[in-house]
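Okay, structure first, notes after.
Letters A, B, ... mirror the listed sequences (proteins, then strands); counts begin at 1. This is a predicted model, so every value here is computed, not measured.
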Amino acid sequence: MTSDARRVIIVGCGRVGGMVAEALLEQGDDVTILDTNQEHFRRLREHARLHMVAADGTSVETLRSVNAGGAEVFIALAAADTTNALAAQTAHVLFRVPRVVCRINDPQRRDMYGRLGLRAVSSSRVVADLVLGVMGEEE
Amino acid sequence: MYAIVVGGGSIGYYLARGLLIRGNEVTLIERDPVRANARAEDLGSIVVTSDGTEPNVLRDSGAARADVVAATTGDDGANLVACQVAKHLFNVPRTMSVVWDPDHARLFDHLGVDVIISATDLLLANIEEKLSADSMTRFFRLHGGDRGVVGVHVPPGAEAVGRAVADLDTPMGAEMAAIVRGNGRVQQASAGARIEEGDEVIAVVPLEQEEALWQTLTRQR
């Protein structure tokens with residue numbers, strides 16, 4: 001681990017979580033990834049700066065045990081919007097992580113959390129916009 | 001009053017039933033079809049099979065005219081989102097939530113959930129109370145979250161026994177409210193009321209003074 005590596009915590013090791021983890025490791029970040037299902041870690045290769053923790057990323061105790069208070073970035077990419085909303089707000093409010101990003105697929109809820117000050121991305125919206133963009137190009 | 005209860009588990013079911021019996025209008029939203037059907041057999045058409053954390057579902061259930069939304073699922077995330085959607089998208093005046101991870105209570109409070117019931121804390125308090133007669137029961141937190149309503153059992157031999165409420169070494173910001181006598185009678189904790197052994201003293205107390213209040217009422221002579 002280099003001393004200037006950013007500490008990043010990712011909740012959810014699905015396809016997107018796994019891809020984001022690999023990209024951040026490549027950039028030189030120190031990545032802790034949490035998932036309640038140990039099986040999901042198969043997506044990832046071992047890496048000196050990668051810490052895989054089979055635990056609930058919404059639990060305050062778990063987040064304390066991985067020193068969430070010392071993280072620069074927190075990314076919530078679990079399957080359920082509700083898990084991500086809870087994890088992200090726990091990191092933001094209780095651990096004061098400076099940069100918190102979460103996936104909120106439901107567009108209305110995404111907009112609501114955006115107004116409440118969370119950086120929320122909706123994959124449904126992103127994919128819909130991409131599809132519409134591709135259709136536009138083909139016309 | 002119109003109440004929307006999210007989650008048809010045991011807590012949600014008994015809450016919905018209790019509210020109905022008291023003459024309120026209630027909708028119970030349960031995601032799992034099997035459980036929803038079972039609840040509908042008992043409660044009738046007030047049961048909606050759907051996800052009560054989704055804005056569309058809450059809208060169709062009349063959230064805009066609801067007086068209270070109570071989130072009672074077994075998942076803290078679902079409960080938080082249901083309350084936030086109710087509050088921020090439908091301006092529901094009162095949101096209530098069960099929390100399971102006691103550490104989340106502070107988060108929910110910070111995020112504006114009006115009434116927070118920490119199921120684990122309540123169970124723990126009850127178990128502790130059953131195991132030791134001189135413990136403290138935390139009933140609920142007041143709006144704002146920095147004060148709670150607690151009950152403290154006064155054990156035999158406590159310094160407080162025989163003293164008037166006004167003469168107790170009551171911690172800053174705490175207010176004695178009522179005394180439940182050993183025989184079950186309840187009386188106001190007026191300045192002159194005397195503490196007897198076996199009393200349960202009900203008080204409003206700032207969270208950081210709970211320990212001091214407990215000491216006041218249980219410290220041995």
For A:Ile104, is it the side chain, the backbone, both or neither that has a heavy atom under 4.5 Å from a heavy atom of chain B?
->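 The answer is neither part of A:Ile104.
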Close side-chain approach of [X] and [Y], heavy atoms under 4.5 Å:
| X | Y | result |
| --- | --- | --- |
| B:Arg106 | A:Val60 | no |
| A:Tyr113 | B:Val81 | yes |
| B:Gln84 | A:Met112 | yes |

Between the main-chain N or O of A:Leu116 and the side-chain N or O of B:His88, is there a donor-acceptor pair closer than 3.5 Å?
->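 No, the answer is negative, given that no donor and acceptor are paired below the 3.5 Å cut-off.
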So for atom [atom1], which belongs to [X], do other residues, nucleotides or ligands contribute more than 12 heavy atoms lying within a distance under 6.0 Å?
| X | atom1 | result |
| --- | --- | --- |
| B:Arg31 | CZ | no |
| A:Arg96 | CZ | no |
| B:Tyr14 | OH | no |
| A:Arg15 | CZ | no |
| A:Arg110 | CZ | yes |
| B:Arg59 | CZ | yes |
| A:Glu61 | CD | no |
| A:Met19 | CE | no |

Show your working on side-chain contact (heavy atoms from CB on, under 4.5 Å) between A:Thr58 and B:Asp76 and close with a plain yes or no.
-> CA-CA 9 Å; A:Thr58 69; B:Asp76 282 354; over 6 Å; no
What parts of residues 78-86 of chain A touch chain B if we use heavy atoms and a cut-off under 4.5 Å?
->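 Residues A:Thr82, A:Ala85, A:Leu86 are the ones that qualify, each having a heavy atom under 4.5 Å from chain B.
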For the atom pair [atom1] ([X]) and [atom2] ([Y]), what is the distance rounded to the nearest 0.5 Å?
| X | Y | atom1 | atom2 | value |
| --- | --- | --- | --- | --- |
| B:Asp103 | A:Arg64 | CG | CZ | 5.0 Å |
| B:Leu89 | A:Arg115 | CG | CZ | 6.0 Å |
| A:Gln89 | B:Leu111 | CD | CG | 4.5 Å |

Please flag which part of B:Asn79 lies under 4.5 Å from any non-hydrogen atom of chain A: side chain, backbone, both or neither.
->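 Contact with chain A: none, neither part.
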Region of B:Asp101 that comes under 4.5 Å of a non-hydrogen atom in chain A |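 B:Asp101 touches chain A through side-chain heavy atoms alone.
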For side-chain contact (heavy atoms from CB on, under 4.5 Å), just list the numbers for A:Arg109 and B:Glu54, CA-CA rounded to whole Å, side-chain angles, deciding distance to a tenth of an Å, and then say yes or no.
-> CA-CA 8 Å; A:Arg109 289 193 294 216; B:Glu54 287 196 8; 3.9 Å; yes
Start with the C-alpha gap between A:Leu94 and B:His110, add the side-chain angles, then the distance that decides, and say whether side-chain contact (heavy atoms from CB on, under 4.5 Å) holds.
-> CA-CA 9 Å; A:Leu94 298 184; B:His110 179 94; over 6 Å; no
